[in-house]
Amino acid sequence: MPRESLTRMRERAAQIEQRMIGHYGEGECSLDYETPFTLTVAVILSAQCTDAAVNKVTPALFEKYGTPEKMAAARLADVEEIIHPLGFYRNKAKNIIACAQTILTEFGGDVPNDIEALQKLPGVGRKTANVVMCEAFRNPQGIAVDTHVFRIAHRLRFATRNDDTPAKVEAKLLKIYPQRDWLFINHQWVHFGREFCRARNPLCAGCIVADLCPSCGKEA
């Protein structure tokens with residue numbers, strides 16, 4: 001099979017995005033939140049566990065510690081008790097308290113609307129920062145590459161085997177998709193990954209982009 005040009009790849013990506021918009025709209029965040037701060041905390045908690053599991057603990061967590069001021073003053077043991085059902089809860093509890101303290105001391109109590117500043121917060125890496133920038137501020141500076149986006153990018157052949165890290169996959173996607181679409185890719189692809197492009201046994205029959213996917217019906 002001849003190598004696909006960047007121009008053709010962009011054309012195919014635009015067609016895929018049209019299908020995604022038609023099926024999922026802009027895509028909804030799977031995490032429950034009310035403010036940029038509660039979103040930031042929820043995304044930190046979602047590392048290596050499901051969004052559904054996070055949504056079960058955050059109502060009690062945010063009722064007590066829903067602002068940076070309250071979280072910064074929380075006792076570690078109390079936060080650990082609330083988020084205990086989540087994986088790595090001890091480290092996550094330390095991070096969200098430290099995150100709140102940093103927001104207070106370095107950013108005047110507001111979650112920064114800046115991709116680099118966000119990554120200075122404890123527990124916040126590139127993926128979390130991208131989610132906050134897109135979802136809370138609608139100011140996309142990149143695309144959050146989680147397990148769904150990583151898998152789908154490879155199956156759509158927008159990434160190659162050499163793109164073996166989230167950073168490499170993101171760099172490829174940013175060249176293919178225009179910035180206006182960066183807002184939507186993560187949420188749409190998360191839903192798409194759950195509905196069709198599953199990690200095991202993808203449902204290629206009936207897939208909304210089957211005719212645009214080089215992997216459909218083949219070993220992905």
Original post:
Of all heavy-atom pairs between A117 and D114, which one has the smallest distance, and what is that distance?
Top reply: N-OD1, 2.7 Å
Original post:
Do other residues, nucleotides or ligands put more than 12 heavy atoms under 6.0 Å from E28 CD?
Top reply: no
**OP:** Give the cluster check for F88 versus L121: same hydrophobic cluster or not, with ILVMFWY residues linked at side-chain heavy-atom distances below 4.5 Å.
**Re:** no
**OP:** List the atom of I97, the atom of A74, and the distance in Å for their closest heavy-atom pair.
**Re:** CD1-O, 3.9 Å
**OP:** Report the distance from atom OH of Y89 to atom NZ of K94, rounding to the nearest 0.5 Å.
**Re:** 11.0 Å
**OP:** Treat each ILVMFWY residue as a node, draw an edge where side-chain heavy atoms are under 4.5 Å apart, and state whether L39 and L61 are in one component.
**Re:** yes
**OP:** Report, as yes or no, whether the 6.0 Å neighbourhood of atom CD on Q15 holds more than 12 heavy atoms from other residues, nucleotides or ligands.
**Re:** yes
Original post:
Quick one: are I143 and N130 in side-chain contact, heavy atoms under 4.5 Å?
Top reply: no
Subject >> Evaluation steps, side-chain contact (heavy atoms from CB on, under 4.5 Å), between Y65 and V41 >> reply: CA-CA 10 Å; Y65 310 114; V41 170; over 6 Å; no
Original post:
Taking F37 as the fixed residue, which of V111, I96, D110, V132 is the one that meets the side-chain contact (heavy atoms from CB on, under 4.5 Å) rule?
Top reply: V111
**OP:** State, to 0.1 Å, how close L104 and A72 come at their nearest heavy-atom pair, and which atoms those are.
**Re:** CD1-CB, 3.5 Å
**OP:** Please examine the side chains of F150 and T165, heavy atoms only from C-beta on, and report whether any two atoms are closer than 4.5 Å.
**Re:** no
Original post:
Rounded to the nearest 0.5 Å, how far apart are CD1 of I103 and NZ of K120?
Top reply: 14.0 Å
Original post:
With distance as the sole test, does R155 use its side chain to make a donor-acceptor pair with the main-chain N or O of C216 at under 3.5 Å?
Top reply: no
**OP:** Go through the structure and list residues passing salt bridge (charged side-chain N to carboxylate O under 4.0 Å, His left out) with R180, not counting sequence neighbours.
**Re:** none
Original post:
Going by distance alone, is a donor N or O of one side chain under 3.5 Å from an acceptor N or O of the other, for N186 and E135?
Top reply: no
Subject >> Donor-acceptor pair, side chain of R198 and main chain of L203, under 3.5 angstrom >> reply: no
Original post:
Between CD1 of I208 and CD of Q18, what distance do you get to the nearest 0.5 Å?
Top reply: 12.0 Å
**OP:** Report yes if the side chains of H187 and Y24 come closer than 4.5 Å at any heavy-atom pair, otherwise no.
**Re:** no
Subject >> Side-chain touch S5/R8, heavy atoms, less than 4.5 angstrom >> reply: yes
Original post:
Do we see a donor-acceptor contact under 3.5 Å between the side chains of Q188 and E17?
Top reply: yes
**OP:** Go through the steps to decide whether E26 and L183 satisfy the test side-chain contact (heavy atoms from CB on, under 4.5 Å), and finish with yes or no.
**Re:** CA-CA 8 Å; E26 293 186 1; L183 274 173; over 6 Å; no
Subject >> Y33 OH to T58 OG1 distance, which is reported to the nearest 0.5 Å >> reply: 12.5 Å
Original post:
Are any of the side-chain heavy atoms of R157 and S215 separated by less than 4.5 Å?
Top reply: yes
Subject >> Main-chain N/O of Y177 paired to W182 side chain as donor or acceptor, under 3.5 Å >> reply: yes
Subject >> salt_bridge(R75, E80) N-O dist < 4.0 Å >> reply: no
Subject >> Salt-bridge contact D51-R194 (side-chain N to carboxylate O under 4.0 Å) >> reply: yes
Original post:
Ignoring hydrogens and geometry, is there a side-chain-to-backbone donor-acceptor pair from N55 to D32 under 3.5 Å?
Top reply: yes
Original post:
Going by the angle between their ring planes, with limits at 30° and 60°, are H23 and F196 parallel, tilted or perpendicular?
Top reply: tilted
Original post:
With the threshold set at 4.0 Å, does a side-chain nitrogen-carboxylate oxygen contact exist between R19 and D211?
Top reply: yes
Original post:
Is there a donor-acceptor pair closer than 3.5 Å between any side-chain N or O of R12 and the backbone N or O of F158?
Top reply: no
**OP:** Report yes if the side chains of M20 and W189 come closer than 4.5 Å at any heavy-atom pair, otherwise no.
**Re:** yes
Original post:
What about I152 and L173, same hydrophobic cluster or not, with Ile/Leu/Val/Met/Phe/Trp/Tyr joined at side-chain heavy-atom distances under 4.5 Å?
Top reply: yes
Original post:
Are L174 and M9 linked, directly or through other ILVMFWY residues, by side chains that come within less than 4.5 angstrom of each other?
Top reply: yes
Original post:
Hey, does the side chain of H154 reach the backbone of D163 with a donor-acceptor pair shorter than 3.5 angstrom?
Top reply: yes
Subject >> Closest contact, heavy atoms only, I83 versus A93 >> reply: CD1-N, 3.7 Å
Original post:
Do L118 and T128 come within less than 4.5 Å of each other through their side chains, counting heavy atoms only?
Top reply: no
**OP:** Hey, could you give me the OG1/CE distance between T40 and M71, rounded to the nearest 0.5 Å?
**Re:** 10.5 Å
Subject >> Nearest non-hydrogen partners of C49 and L86, listed with the distance >> reply: SG-CD2, 4.1 Å
Subject >> Within one Ile-Leu-Val-Met-Phe-Trp-Tyr cluster: F184 and V190, side-chain cutoff 4.5 Å >> reply: no
Original post:
Taking Q179 for the side chain and P140 for the main chain, is one N or O donor matched with an acceptor at less than 3.5 Å?
Top reply: yes
**OP:** Say whether N113 and N139, considering side chains only, have a donor N or O and an acceptor N or O under 3.5 Å apart.
**Re:** yes
**OP:** Locate the shortest heavy-atom distance separating I115 from A129; write the atom from each residue and the value.
**Re:** CD1-CB, 3.6 Å
Original post:
Which is it for F192 and C207 under the side-chain contact (heavy atoms from CB on, under 4.5 Å) test, yes or no, and what are the steps along the way?
Top reply: CA-CA 9 Å; F192 176 68; C207 173; 3.6 Å; yes
Original post:
Is there a donor-acceptor contact under 3.5 Å from the side chain of K92 to the main chain of L45?
Top reply: yes
Original post:
Given side chains that start at C-beta, do those of N162 and K168 come closer than 4.5 Å, heavy atoms only?
Top reply: no
Original post:
In Å and rounded to the nearest 0.5 Å, what is the CD1 to CD distance from I185 to E170?
Top reply: 12.0 Å
**OP:** Could you please spell out the steps behind the side-chain contact (heavy atoms from CB on, under 4.5 Å) verdict for H191 and S30?
**Re:** CA-CA 9 Å; H191 295 301; S30 300; 4.0 Å; yes
Subject >> Heavy-atom donor-acceptor pair, T67 side chain to K70 backbone, under 3.5 Å >> reply: yes
